[in-house]
Peer 1: 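This is the structure I want to talk about, given as structure tokens.
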Amino acid sequence: MAEIIYNISAIIALAGMIIALYRMVKGPSIADKAIALDVMTIISISLIVYIAAISQKIIYTDVALVYALISFIGVIAIARYLERGL
Amino acid sequence: MVKRIIILLVIVFFAIIIFPLLKVDPTDSLSSLATKYIRDGADELGSANLVTSIVVTYRGLDTLGEVAVLFIATAGVGFLLRKKKNSSANKRRKSSEILSSGTSFLVPIIFLFGVYIFTHGHLTPGGGFQGGVVIASGVLLLMLSDVSLKFNHFLLSAIESFSGFFYIIIGILGLFLAGGFLDNRIFSLGTFGNIFSAGAIPIIYSLLGIKVGSELVGILGNLRDSE
Amino acid sequence: MKDFKRFIVLFVILCIFWILFAGKEFNELILGFVASLIITILFYKKAFIFGEFNLNPKAIAYFVFYIFILLIEIIKSNIAVAKLVIQPTLPINPGIVKVKTKLKSRLGRIILANSITLTPGTLTIETKDDEFYIHWIDVTSENIDEATNSIVQNFEKYLEVIFG
Amino acid sequence: MLMLIGSLITLIGSIFLFLGALGILRMPDVYNRMQAGTKATTLGTILFLAGLALGYSHCTCWPRILTLILFIVFTNPISSHALARAAHHIGINLTEKSVTDKLAEDEAENGEKL
Amino acid sequence: MITIIVIVLGLIMIIAAFLAIYQKNLVAAVISAGVISLLASILYLLLAAPDVAMTEAAIGSGLTTVVFLYAISKIKKKDGE
């Protein structure tokens, strides 16, 4: 029962990722695309922890930590590029 | 249009070919060398992460080559990009107060996380390269938030050379004290799964992490300070 | 004295993070102690925001209380934005307003700005001296004082005690 | 039982994640998208991860998940603030529904960009 | 379940790859390339290769993006002068 609900949650999160991808394809400005990237990153972090939990491997969460730190810096770099501060 | 349809068909074709790979059981058809690594690796080298022991000891020379490639890349970037004469840092837009305060809170934690990753290379999926990249990202965050940050390129190359030097010294020590070049059994193997275990692997990975980190910082600094 | 306080606070925070990363086995603690010490020596001169905690019991109690307030605020306003998004007509009324803050310490200001940004409906765009420019999804008043009342006051009265 | 509660929390979190993504699809301009998108997903992630930590409590991954939540809560507002500031600086306009833009007024008054 | 995740992520990666190739704006293409390596690292994790996943997440989605952005800003400066 609980496993089924966890799986449904993962599928809903994946659907959110597809919607973010649509904004990324369409997004009129670069900032829109960067927001879409941000949302996709956050959903990816959730998915990684989900994978780590269902496969019972704690060490996989290290990947999620690296992910959270690095993609944050990527988004800031895009922002600083846009305002010519790079 | 026809071209795009053909491209799509080719991609679908490859997807169908590659998809069965997901169902391959990795244990059922291994070469004899791989079987030996898997069977004896944990007992011989005492590292909980088998990939690490293969990368650092069995295939240590390859890793040395990879680090050399990265070093040549750094040197190439420094050589090709001309240094700026007059500093034009004031042309860049200043970062906001929130970003600079947040940076001074986050950078020490990012550095600590990088140290965690490269010292736990034999226990977790991390290692020297990943830890080095995390540390370089911390410096990158400093660069993004502070437009007038100056790099001491001499210090960077000194750190980089010293860690490379000690890396090779440990390799040669392995040649004399243990089985061969870059053998990790120059110290006792310790308890399996403990932090101070697996002989020289944590030390080698720490040196690699510092070396990779300073090389990447060198590349980024050269990119920023050139015209 | 200021340097010493900064040093201690940074060191303790790094040790806590190391325990969260690596667990509290004895050997790990030794390694974490050494690593935190090295990083603290490297950074304590630049990390100016760590010297700004008020380390008295009242401030710490307020800090714990503040986290609860922030959580409740986040949940409340998230539900409001979720309602907004699923309505077909999308009844929004956005704009950028100006608010004033009394906080002086930089740590207090960044926590205030992050709290404003975390509660959906408001987003800090720019800071300038004691004024924050905030994008507000549902502008009820363009006046500085009224906007300050409804956005900032709720957080500021706690942060003033914690960071001074 | 604990697992069921955890899974329900995760479900709520995933719904918030979905609504956040829907927000960036429906909102009319960059700033509103940032509001609905990146902030609703912060709460969504917190709930998602907390539910997983509760349901799989025997794998003792809660310290990592706590660290992850701390990172996300601290870094996400900073990155969206940086993005919003950059978007305003390069002159991406607010939607026509907007009622006021004090920042642009002040910039015009001082004759320079902040 | 894992199969569904793999298929969806693979499709998103293909779309992002098309975007990275056909987009006129270089920065948008760089962002799309970042998305590809972001999702590739989840796929590596599903294939039980956390080492590679961590390297891909660290280098692919963070550092190469920044290096590309630096390169683009240098090129634009040259063109402007």
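Values reported hereafter were calculated over all heavy atoms of this structure, with side chains retained and with hydrogens, waters and symmetry mates removed. Here is how names work: the chains are called A, B, and so on, in the same order as the sequence lines, proteins then strands, and each is numbered from 1.
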Peer 1: Go through the steps for D:His88 and C:Glu126 under the test side-chain hydrogen bond (donor to acceptor under 3.5 Å, both in side chains), then give the verdict.
Peer 2: CA-CA 9 Å; D:His88 199 275; C:Glu126 180 69 278; over 6 Å; no
Peer 1: Nearest 0.5 Å please: distance from the CH2 atom of C:Trp136 over to the CG atom of D:Asn32.
Peer 2: 14.0 Å
Peer 1: Which distance, rounded to the nearest 0.5 Å, do you find between the OG1 of D:Thr67 and the CD1 of C:Ile19?
Peer 2: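 Separation between the atoms: 11.5 Å.
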Peer 1: Going by the rule ring-ring contact (aromatic ring centres under 6.0 Å, His included), which residues pair with D:Phe71 if we only count those two or more places apart in sequence or in a different chain?
Peer 2: none
Peer 1: For residues 79-88 of chain C, which side-chain N or O atoms pair as donor and acceptor with protein atoms under 3.5 Å away, sequence neighbours left out?
Peer 2:
none

Peer 1: Would you mind telling me which of C:Ile110, C:Leu71, C:Leu20 has the largest number of heavy-atom pairs within less than 4.5 Å of chain D?
Peer 2: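 It is C:Leu20.
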Peer 1: Given side chains that start at C-beta, do those of D:His81 and C:Asn114 come closer than 4.5 Å, heavy atoms only?
Peer 2: no
Peer 1: Which one, D:Pro77, D:Ala84, D:Ala87, leads in non-hydrogen pairs under 4.5 Å with chain C?
Peer 2: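 Sorted descending by pairs with chain C, the first entry is D:Pro77.
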Peer 1: Measuring only between side-chain heavy atoms, which start at C-beta, is C:Leu123 closer than 4.5 Å to D:Met34?
Peer 2: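 Side chain of C:Leu123 against side chain of D:Met34, heavy atoms only: contact under 4.5 Å found.
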Peer 1: Could you name the residues of residues 1-20 of chain D that have a heavy atom within less than 4.5 Å of a heavy atom in chain C?
Peer 2: D:Phe16, D:Leu19
Peer 1: Quick one: does C:Ile125's side chain get under 4.5 Å of D:Tyr31's, heavy atoms only?
Peer 2: yes
Peer 1: What distance separates C:Thr117 OG1 from D:Ile78 CD1, expressed to the nearest 0.5 Å?
Peer 2: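 If I round to the nearest 0.5 Å, the distance is 9.5 Å.
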Peer 1: Where on C:Thr122 is there a heavy atom nearer than 4.5 Å to chain D: the side chain, the backbone, both, or neither?
Peer 2: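 The answer is the backbone of C:Thr122.
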Peer 1: Please round to the nearest 0.5 Å and tell me the distance separating atom CG of D:Leu43 and atom CG of C:Asn78.
Peer 2: 4.0 Å
Peer 1: Who in residues 48-56 of chain D is close to chain C, using a strict under-4.5 Å heavy-atom cut-off?
Peer 2: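 Answer by number: none.
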Peer 1: Counting only non-hydrogen atoms closer than 4.5 Å, does D:Leu70 touch chain C with its backbone (N, CA, C, O), its side chain (CB onward), both, or neither?
Peer 2: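 Only the side chain of D:Leu70 comes within 4.5 Å of chain C.
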